[in-house]
Amino acid sequence: MNDVIRELSWRGLINQTTDDVNLPKLLLEKSRTVYAGFDPTADSLHVGHLMALMILRRFQKAGHRPIAVVGGATGMIGDPSGKSEERKLLSEDSLRANIAGMEPQLRRFLDFDCGPRSALLVNNYDWMGRFGYLEFLRDVGKHFPVNVMLAKDSVRARLERTDAGLSYTEFSYMLLQAYDFVHLYQQHDCELQVGGSDQWGNITAGIDLARRLRGVQLYGCTCPLLTKSDGTKMGKTESGALWLSAEKTSPYQFYQYWINLDDADVGRCLRFFTDMGQEEIESLLGEHQRDPGKRLAQRRLAQELTQLVHDQEGLHTAERATEIFFGAEINHLNDAQLASIFADVPSKQLPREKLATGLPIIDAFVESTLSKNKSDARRVITQGGAYVNNRRIEGIDCTLGLNDLASESTIILRSGKKNYALLRFV
RNA sequence: GGGGAGUUUCCCGAGUGGCCAAAGGGGUCAGACUGUAAAUCUGAUGGCAAUGCCUUCGAAGGUUCGAAUCCUUCACUCCCCA
């Protein structure tokens, strides 16, 4: 049994535990069961879920059994913790679709087939869905003193606001999550719940309920919230969240997010999100310090995480794309390779004759929508910001022909440093 | 209801008869620098068959060789007095 608490703590993954003395002992004694909840608010997990996922993963590696709970029931209610206003309710259909999207992603982080420590994936709708209202009030609600509930941070914060209310529905949320813990204890002997620091109130509610209902002592452990050194939320891009699904955030974009991470955040992220050991991380950071321009730490972080989330193949695609986006001329590629590398890039189909008869470079830029009109295209080209297959264009009179194709049917246009577009000739 | 101020290009804002496709700033785009950051510097920024032509200064008419600029009407915005 590895000392998982010690590992989590040097990695900075522990914000607080409900019992700093007994919890580590318990976890060293024998294999225990631990759970974390995931709200199905979208059809994919995002970077915000990574912390909890990695914690479960480390528990499993240390010899414990992780349970991932998707909140099919709780998701219907909406957790008020950390939310400044009442949440919109999700329909049952979209919840189902969301859960279906999250499942395969969870499987990437946890091992579901390794004997007694195999991870479990459960949906709390399976036990909450059938619960009758009266039954719930009598069996569960009875054990919640309202004054205690009112004292919870998540509730108080909302009540103090004058511009946002808190509905009875959301107020009841913590009862559901508390009951989850009790249920998992009964069914799976689960004794520990982990979550973000904003989950403290919900976790302790579950522990209290278990004591009252079953007379047992359960445990909780929270991790810090994931923020960047500049105070902004980690995993937020201009275009929204950084998703774990390749459809919502391409492996390239995912990889690039980590490559571009601030020096100040990279050490923490290496500890949080990679399986690298303490010494290895220290020496990598030392090396990074000597030549920060090389971005050694960011590069390693991006590699580790992209591989974990998108597999070896996704990492390859991302790295190849990076090479091309920041590198040399493009040629000798085939359509399939280009399609995966330039998955995020707008493309346009044109008849092949256009190219065969010679396509003026200005028209090509307008067609690709890189330039909104011919004057714009002319401007970019004369200023030296226009590239075909990453080769700079000299002169506005240039004409594209069949031998400018980078692959069977595609020409890659670029305006400036990072605006790409594809023209496909079919 | 009476009086006053205003409406300019992506945004703010200058422009009171020709030198106005319209100052300046912001934004945006491009270039240089750089660590794929920030900052900085430089250039560009209505359209086109481009040393020219066409369209644009709230809308429509008018005066004039010539109008963002002067006149008339209309629309909208703001301020003051009732």
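A note on names: the letters A, B, ... follow the listed sequences, proteins ahead of strands, and every chain is numbered from 1.
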Exercise for review: List the steps, then state whether side chain to side chain contact (heavy atoms under 4.5 Å, CB included) holds for H46(A) with T249(A).
Suggested key: CA-CA 9 Å; H46(A) 54 76; T249(A) 300; over 6 Å; no

Review point. When you compare rA14(B) with rG26(B), how far apart are their C1' atoms, in angstrom units rounded to a whole number?
Key: 15 Å

**Study point:** Span that lies between the P atom of rU36(B) and that of rG25(B), in whole angstrom
**Key:** 30 Å

Review point. Can a side chain N or O of Y387(A) be found less than 4.0 Å away from OP1 or OP2 on rG31(B)?
Key: yes

Residues in salt bridge (charged side-chain N to carboxylate O under 4.0 Å, His left out) with [X], at least two apart?
X: K248(A); result: D43(A)
X: E280(A); result: R300(A)
X: E103(A); result: R107(A)

Partners of [X] by ring-ring contact (aromatic ring centres under 6.0 Å, His included), sequence neighbours excluded?
X: Y252(A); result: F325(A)
X: Y257(A); result: none
X: Y185(A); result: none

Review point. Between rU36(B), rA30(B), rU34(B), which nucleotide has the shortest distance from any of its atoms to the side chain of S415(A)?
Key: rA30(B)

Exercise for review: Sort by first number and list every stem of RNA chain B: at least 3 consecutive Watson-Crick or G-U wobble pairs, both distances under 3.5 Å.
Suggested key: B:1-7 with B:75-81, B:10-12 with B:24-26, B:27-32 with B:40-45, B:46-48 with B:52-54, B:58-62 with B:70-74

Practice item. Let me have a per-nucleotide readout for nucleotides 41-50 of chain B, 5' to 3', with B, S or -, counting only protein heavy atoms under 4.0 Å. Key: --BSS-SSSB

Practice item. Just call it for K417(A): base, sugar-phosphate, or nothing, with non-hydrogen atoms closer than 4.0 Å on any strand. Key: base

Practice item. Looking at every strand, decide which applies to N419(A) at a 4.0 Å heavy-atom threshold: base, sugar-phosphate, or nothing. Key: sugar-phosphate

Revision key, fill the gap. Expected list for residues 282-303 of chain A near RNA chain B, using heavy atoms below 4.0 Å, is P292(A), G293(A), R295(A), Q298(A)

Polar pairs (N or O, both sides) under 3.5 Å between protein and nucleotides 23-28 of chain B?
none

**Study point:** Residues forming a side-chain contact (heavy atoms from CB on, under 4.5 Å) with A52(A), sequence neighbours excluded
**Key:** A36(A), F38(A)

**Study point:** Whole-Å gap separating C1' (rU36(B)) and CH2 (W258(A))
**Key:** 17 Å

**Study point:** Pairs meeting criterion salt bridge (charged side-chain N to carboxylate O under 4.0 Å, His left out) with involvement of residues 357-377 of chain A, two or more places apart
**Key:** K348(A)-E367(A), K354(A)-E367(A), D363(A)-K374(A), D376(A)-R379(A)

